Amino acid sequence: MGIYLNPGNEQFAVSVNSELYVDKTELIKYTNSRIGKDRPLICSSRPRRFGKTMAVTMLAAYYSKGCHSEKLFAEFKISQNEFFKKHLNKYNVLLLDIQWMYGNALEEMKRNPSIKVVSYIQEQVIGELKKEYSECVQDTDISLPSVLANINAMTKEQFIIIIDEWDCLFREDKNNEKLQKEYINLLRGLFKGAPSGAFLKLAYITGILPIKKYGTQSALNNFREHTMISPRQVAEYVGFTEIEVKHLCKEHGMLFKEMQRWYDGYFFETIGHVYSPNSVVEAIDSREFGNYWSRTETYESLMMYITMDFDGLRQLIVDMLGGLRCRVDVESFQNDITSFNSADDVITLLIHMGYLAYDNSAKEVFIPNEEVRSVFLRAIKNDGWDEVIKAVNASEELLKATMSMDERAVEQMIQEVHMQNTSSLVYNNEISLGSVIMLAYYSACKDYVLIREMPAGNGFSDMVFLPKRTSSKPALVLELKWDKTAEGAISQIKNKKYVSALKEYKGNILLVGINYEKKSKKHQCRIEKHEM
C-alpha cells in the first residue's frame with residue numbers, strides 16, 4: 001500500500017462514517033460496466049465542491065489491492081449488485097491527485113529550480129512502482145507510460161488509473177504552453193493507443209473542464225465525457241438529488257423549502273433537480289442557510305471579461321440577474337480559460353464551473369439559485385457596476401409598491417432603473433424595456449419563478465411571475481407596451497385570457513400593465529387585482 005500505488009481505504013472510510021454521508025456507491029456499477037470494454041476511459045468533469053474527490057477515493061477503496069473493503073461497502077447500494085465481489089479489491093490502482101502533486105512540485109522547485117513539474121509527477125509514481133516491481137523498473141527510468149508498459153510485458157499485470165483534478169495545470173498555469181505540452185504528452189502515453197491498451201484496465205479522471213478540445217492536441221479524445229452540460233450515465237452522482245436532500249432535511253430538522261431556495265437550480269433531464277453537495281452539507285452542519293460557495297481565482301479572472309462587456313456579455317449577466325434565461329451555443333468553447341472568441345465561450349465556462357445552470361433541451365443558461373446569485377452580486381459590487389447595484393437594492397421597494405398597487409411609485413422606480421441602466425443606443429427598443437423590467441424586479445427572484453413569453457389564452461404573456469412553493473405572494477402577469485397605453489396592456493391581458501395559463505394556481509393574481517412613451521421617455525403603470 002502506497003501513496004499512489006494501491007492506496008488504502010482510510011480516506012473513504014472517514015467520509016462514509018460522517019454524519020452526512022449520502023450513498024453514491026452505484027457509480028461503481030457504471031465504472032464496472034466499462035472494464036473489459038472498448039475505450040474503458042471515463043472523464044467526469046464538474047464544479048468544485050461537487051463530490052469529485054469523494055468519487056475517486058471511493059473508486060480507489062473499491063478497486064485497490066492495497067486494502068480490504070467488503071465490510072466498508074456492506075451497508076451501501078453497490079453491495080447488492082451481482083458483480084460487486086467480482087471486481088472488489090482485485091486491481092492495481094494508481095491514484096494521482098494532480099492538484100496536490102503540483103503543489104508539492106512547486107515547493108520542491110523553491111529548493112531546486114531545475115525540477116520540472118511533469119518530471120516530478122512521474123518520478124514520484126515511478127519510485128513507488130520500483131519498490132513493488134524492482135525487477136521491472138530501472139534506476140534510469142523516467143517515463144511513467146514506459147514503466148507501466150514494461151511491467152505489463154514482464155508480468156501481464158494491468159492498472160486502473162484514477163486521476164483527481166486532471167486539468168489543474170491548465171487552470172493554475174494557464175499561460176505556460178510548454179508545461180501543458182509536456183503534460184499532454186504524458187497523458188497521451190498513459191491513455192492513447194498501444195502500448196497503453198495493454199497495461200490499462202480502466203481510467204477514471206475528474207476535473208472542472210471537459211477535455212476534448214485542448215488546442216490541436218488529441219491526447220484524450222477517446223474518453224467518454226460526462227459534463228455539467230451532458231452528464232449522461234453519471235447524472236445521479238454529480239450532486240445531491242432532490243429526494244436525497246429531502247431525506248437529509250427530514251433527518252436533521254432543516255426546512256426543505258429554504259434549502260430549495262438557496263441551493264436548488266441545476267437540472268438534468270434524466271434525474272431532475274440537482275443540489276450542490278457541499279452547500280447542503282455546510283448548511284446542515286452549521287444549522288444556517290447562506291453562501292458557502294467560494295470565489296476561486298479562476299472565477300475572479302472571468303470577471304474581467306464580464307466587466308469589459310465582452311461580446312455583449314455584461315448585458316446578458318444583467319438579464320440573468322433579473323431572472324431571465326439566455327440562449328447559448330456551447331459547442332464553440334475550446335475547454336480552456338484563455339481561448340475566448342465570444343460571450344458564449346465565457347458563459348459555457350461558467351456552466352462548467354457551476355456559476356450558471358444549463359437547460360439542455362432549450363439550450364438556455366440561467367443563474368441557478370440564491371447562493372450563486374449572491375456570488376454574482378458580490379462580484380459586480382467590486383467591479384464598478386454601481387447603477388446595477390442601485391437597481392438591485394431598490395428592487396425590493398419596487399416589489400412592495402407593486403404589491404400595494406401604488407402605480408405612481410412603480411412608474412417612478414422603473415423610470416429610474418431604465419435611465420440608469422440602458423445605453424442611449426438601445427434605450428428605445430422593446431428588448432431593452434424587457435431587460436429593464438427584469439432588473440427592476442430583481443428581488444422577485446427570491447419568491448418567484450419568471451416565465452417570459454408564456455403561452456397563455458390566445459397569445460403569449462410578456463412576463464409571468466409565478467410564486468415559488470416557498471412564497472405566499474400573489475402571482476403577477478405583466479404586459480409591456482410601446483407608445484400605447486398601460487390601460488391597453490391590461491385590456492390585452494384580459495381579452496386574450498392570459499390568466500388562463502394559471503388555472504392550476506389557486507392564489508391571488510395582480511395584472512400589471514406598463515407602457516413606455518418613446519418621445520417623452522416616460523412610463524405609465526396600471527395594476528388591477530384579478531379574481532380566479
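Keep in mind that this is a model prediction, so the values were computed, not measured. These numbers come from the heavy atoms of this one structure, side chains and all, not from hydrogens, waters or symmetry mates. Counting from 1, the numbers follow the sequence of the chain as shown.
Of the options Leu148, Leu190, Ile160, Ile161, a side-chain contact (heavy atoms from CB on, under 4.5 Å) to Leu200 is made by Ile161 and by none of the others.
To the nearest 0.5 Å, the span separating CG on Leu313 from CG on Leu316 amounts to 6.0 Å. Between the OG1 atom in Thr206 and the CD1 atom in Ile162 there is a gap of 10.0 Å [rounded to 0.5 Å]. Expressed to the nearest 0.5 Å, how far OH of Tyr120 lies from CD of Glu107 amounts to 9.5 Å. From Lys65, atom NZ reaches atom CG of Asn92 across 4.5 Å, with rounding to the nearest 0.5 Å. With rounding to the nearest 0.5 Å, the separation of CG in Leu5 from OH in Tyr133 is 6.0 Å. Atoms CE and CE, on Met58 and Met54 in that order, are 9.0 Å from each other to the nearest 0.5 Å.
Sparse packing is recorded around NZ of Lys29, with 12 or fewer heavy atoms of other residues, nucleotides or ligands lying under 6.0 Å away. Crowding of Glu177 atom CD: a count of heavy atoms from other residues, nucleotides or ligands under 6.0 Å not exceeding 12. Summarising the local packing, CG of Leu20 is surrounded by more than 12 heavy atoms from other residues, nucleotides or ligands at distances under 6.0 Å. No more than 12 heavy atoms of other residues, nucleotides or ligands lie within 6.0 Å of CD1 in Ile243, so this atom counts as exposed by the packing criterion. No more than 12 heavy atoms of other residues, nucleotides or ligands shown are found within 6.0 angstrom of NE2 on His68.
Looking at Glu258 and Arg261, a side-chain N of the basic residue comes within less than 4.0 Å of a carboxylate O on the acidic one, giving a salt bridge. Ion pair Glu244/Lys24 flagged as a salt bridge, since at least one NZ, NE, NH1 or NH2 atom sits closer than 4.0 Å to an Asp/Glu carboxylate oxygen. Under 4.0 Å is where a charged nitrogen must lie from a carboxylate oxygen, and between Asp164 and Lys52 no such pair does. Classification of Glu70 and Lys85 as a salt-bridged pair holds, one side-chain N sitting under 4.0 Å from a carboxylate O.
Not a single donor-acceptor pair under 3.5 Å links the side chain of Ser230 to the backbone N or O of Thr227. Remark: side-chain polar atoms of Arg325 are not paired, donor with acceptor, to backbone N or O of Phe366 under 3.5 angstrom. A distance-only check finds a donor-acceptor pair linking the side chain of Asp167 to the backbone of Ile208 [under 3.5 Å]. Looking at Glu236, its side chain never comes within 3.5 Å of a backbone N or O of Ile271 through a donor-acceptor pair. Of the possible donor and acceptor atoms, one in the side chain of Tyr266 sits under 3.5 Å from a partner among the backbone N and O of Gly354. Distance alone, capped at 3.5 Å, places no donor-acceptor pair between the Glu364 side chain and the Arg327 backbone. Checking side-chain atoms of Lys90 against main-chain N and O of Lys86 turns up a donor-acceptor pair under 3.5 Å. Judged purely by atom type and a 3.5 angstrom limit, Asn89 uses its side chain to pair as donor or acceptor with the backbone of Ala61. Side chain of Arg46 to main chain of Gly207: no donor-acceptor pair is present (N/O by atom type, distance under 3.5 Å, no hydrogens or angles). Of the possible polar contacts, one joining the Asn369 side chain to the Asp264 backbone as a donor-acceptor pair under 3.5 Å is found.
Of the N and O atoms on the side chains of Asp359 and Ser361, at least one donor lies less than 3.5 Å from an acceptor on the other residue. A donor-acceptor contact closer than 3.5 angstrom links the side chains of Ser332 and Asp345. Between the side chains of Tyr275 and Glu242, at least one donor N or O sits under 3.5 Å from an acceptor N or O. Tyr4 and Asp97 form no side-chain donor-acceptor contact under 3.5 Å, judged by distance and modelled atom types alone. Side-chain N/O atoms of Thr25 and Tyr62 include no donor and acceptor closer than 3.5 Å. No side-chain N or O of Gln11 forms a donor-acceptor pair with one of Thr57 less than 3.5 Å apart.
A distance of 6.0 Å or more separates the ring centres of Phe223 and Tyr204. In summary, the aromatic rings of Phe12 and Phe73 are positioned with their centroids under 6.0 Å apart.
Within the structure, the ring pair (Phe, Tyr, Trp, His ring centres under 6.0 Å) test picks out the following pairs touching residues 22-46 (sequence neighbours left out): Tyr30-His226.
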Full working for ring pair (Phe, Tyr, Trp, His ring centres under 6.0 Å) between Tyr21 and Phe76:
CA-CA 11 Å; Tyr21 176 70; Phe76 302 117; 5.2 Å; yes

What verdict does the side-chain hydrogen bond (donor to acceptor under 3.5 Å, both in side chains) test give for Asn32 and Tyr63, after you've listed the backbone C-alpha separation in whole Å, the side-chain angles of each residue and the deciding distance to 0.1 Å?
CA-CA 10 Å; Asn32 281 347; Tyr63 289 118; 2.6 Å; yes

Test log, rule salt bridge (charged side-chain N to carboxylate O under 4.0 Å, His left out), inputs Glu128 and Lys131:
CA-CA 5 Å; Glu128 285 198 5; Lys131 293 177 184 178; over 6 Å; no

Trace of the side chain to side chain contact (heavy atoms under 4.5 Å, CB included) decision for Met320 with Arg373
CA-CA 9 Å; Met320 286 187 282; Arg373 188 175 290 108; over 6 Å; no

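Counting heavy atoms from C-beta outward, Val238 and Met228 have side chains that approach closer than 4.5 Å. Lys257 places none of its side-chain heavy atoms less than 4.5 Å from the side chain of Leu255. By the 4.5 Å heavy-atom criterion applied to side chains, Phe289 and Met259 are counted as neighbours. His247 is listed as a side-chain neighbour of Glu251, based on a closest heavy-atom distance under 4.5 Å. Between Tyr292 and Asn278 the shortest side-chain heavy-atom distance falls below 4.5 Å. Residues Lys363 and Asn360 meet the side-chain proximity criterion, which asks for heavy atoms closer than 4.5 Å. Put simply, the side chain of Glu182 does not reach to within 4.5 Å of the side chain of Val117, judged on heavy atoms. Counting heavy atoms from C-beta on, the side chains of Val93 and Phe159 never come closer than 4.5 Å.
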